[in-house]
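Chain letters run A, B, ... following the sequence lines, proteins first and then strands; every chain starts at 1.
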There are 2 protein chains.
Amino acid sequence: MGKCTPESLLEGRNIKITRQRQIVLGAIIDTGKPFSASDLHESLGNEMDLATIYRNLEMLCGEGIIRQVMNEKERQYYELACIHNPEHPHFYCNICGKIYCMKQDKPMRLKKRLPGDFTVEQTVLQYRGICPDCSKE
Amino acid sequence: MGKCTPESLLEGRNIKITRQRQIVLGAIIDTGKPFSASDLHESLGNEMDLATIYRNLEMLCGEGIIRQVMNEKERQYYELACIHNPEHPHFYCNICGKIYCMKQDKPMRLKKRLPGDFTVEQTVLQYRGICPDCSKE
DNA sequence: GGTCTAAATGCAAGTTGTTCGCAATTAAAG
DNA sequence: CTTTAATTGCGAACAACTTGCATTTAGACC
């Protein structure tokens, strides 16, 4: 299990490796935290077309390479979905809007069986409140 | 603890009781399930101004009379937040987009203490997958 | 290497949910 | 009944995201 690189994440998937995909994936890997399309856009110097970023995020999400984390202030946040980053809870600060990853020991598998005939594909657990930084004031 | 009426929900709060607030709250109480601004708008025959609905939803949310449930397809969903409807998990169907309330026996109080200095004001637990109706196909 | 083609990109325009400014209306206090 | 501050309706503005289309490009096949 080597480390994540844009190429390793894309290989064996029948996906064209374009320059912008390498750049986008590189930025996603570098940022160790949840990001939105415009976060990426900014971190890349506002040079890449936003439509390209959106299209690639959708593709990466469909491939399971990234996952949706939360939707806040009308903005969708994602994170890398690799072996080293399994599903985990997130904390959203109601004051500063920052999103924190809440790592936890045991894998998140709350009630995978639901009554009736619900098939659970993803479990989302999030907390909202005030983060340590904002508590200080 | 009487039943919910627009007036009982607003009383003692220094909020003007307007005709549209009564209508909006009435619709919210009648619909026993999560709703969006446009759901309300439609259910009221597209007659009330959407801006009014948005402003009232924001106010009701600030007052704790309703709570945000989830944000799906760029649309914010709310539900009534009264004694009879405590925080509970929701299920979002990836196919039909319907939102189900997952009632549960014990109150939802997962990990209210988090490491560091996080103050948790709300805990959100949601499942996404395929609902019973869509499983049948 | 060169050629070809389907897929990806950039750009501009469009869509959608939500917000804002402002004049007209209205709840409710006096 | 009067008064006034809050609320409403309307239209325009906004922001995130999507789409159409011409241009470019990865990579497969010679």
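Here the P atom of nucleotide dG17(C) and the CD atom of Gln68(B) are 17 Å apart, to the nearest Å. Whole-Å rounding puts the Met59(A) CE to dA6(C) P distance at 20 Å. Rounded to whole Å, atom P of dA28(C) lies 13 Å from atom CD of Glu11(B). A straight line from CZ of Arg75(A) to P of dG17(C) spans 19 Å, rounded to a whole angstrom. In this structure, CZ of Arg21(B) is placed 12 Å from C1' of dT26(C), rounded to the nearest angstrom. Rounded to an integer number of Å, the gap from CG of Leu57(B) to C1' of dT19(C) is 13 Å. Between the CG atom of Asn71(B) and the P atom of dG17(C) there is a distance of 12 Å, given to the nearest Å. Taking atom CG of residue Leu60(A) and atom C1' of nucleotide dA8(C), one finds them 13 Å apart after rounding to whole Å.
Looking at which nucleotide of DNA chain C each of Ser38(B) and Met48(A) is closest to, the 5′-most match is held by Met48(A).
In terms of phosphate contacts, Asn14(B) brings no side-chain nitrogen or oxygen within less than 4.0 Å of OP1 or OP2 of dA6(D).
Counting heavy-atom neighbours within 6.0 Å of Gln22(A) CD, excluding the residue itself, gives a total above 12.
Taking 4.0 Å as the cut-off between side-chain N and carboxylate O, Arg128(A) and Glu72(A) count as a salt-bridged pair. Between Glu79(A) and Lys33(A), none of the side-chain N atoms (NZ, or NE/NH1/NH2) sits under 4.0 Å from a carboxylate O, so this pair counts as no salt bridge.
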*asked:* One character per nucleotide, please: for nucleotides 18-30 of chain D, 5' to 3', B when the base has a protein heavy atom closer than 4.0 Å, S when only the sugar-phosphate does, - otherwise.
replied: BBB----BBS---
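Atom CE of residue Met48(A) and atom CD of residue Gln20(A) lie 5.5 Å apart, to the nearest 0.5 angstrom.
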*Give the C-alpha distance, both sets of side-chain angles, the deciding distance and a yes or no for ring-ring contact (aromatic ring centres under 6.0 Å, His included) between Tyr100(B) and Tyr92(B).*
CA-CA 7 Å; Tyr100(B) 295 78; Tyr92(B) 174 77; 9.8 Å; no
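Asp133(A) has its side chain out of reach of Cys96(A): every pair of non-hydrogen atoms, C-beta onward, lies at least 4.5 Å apart.
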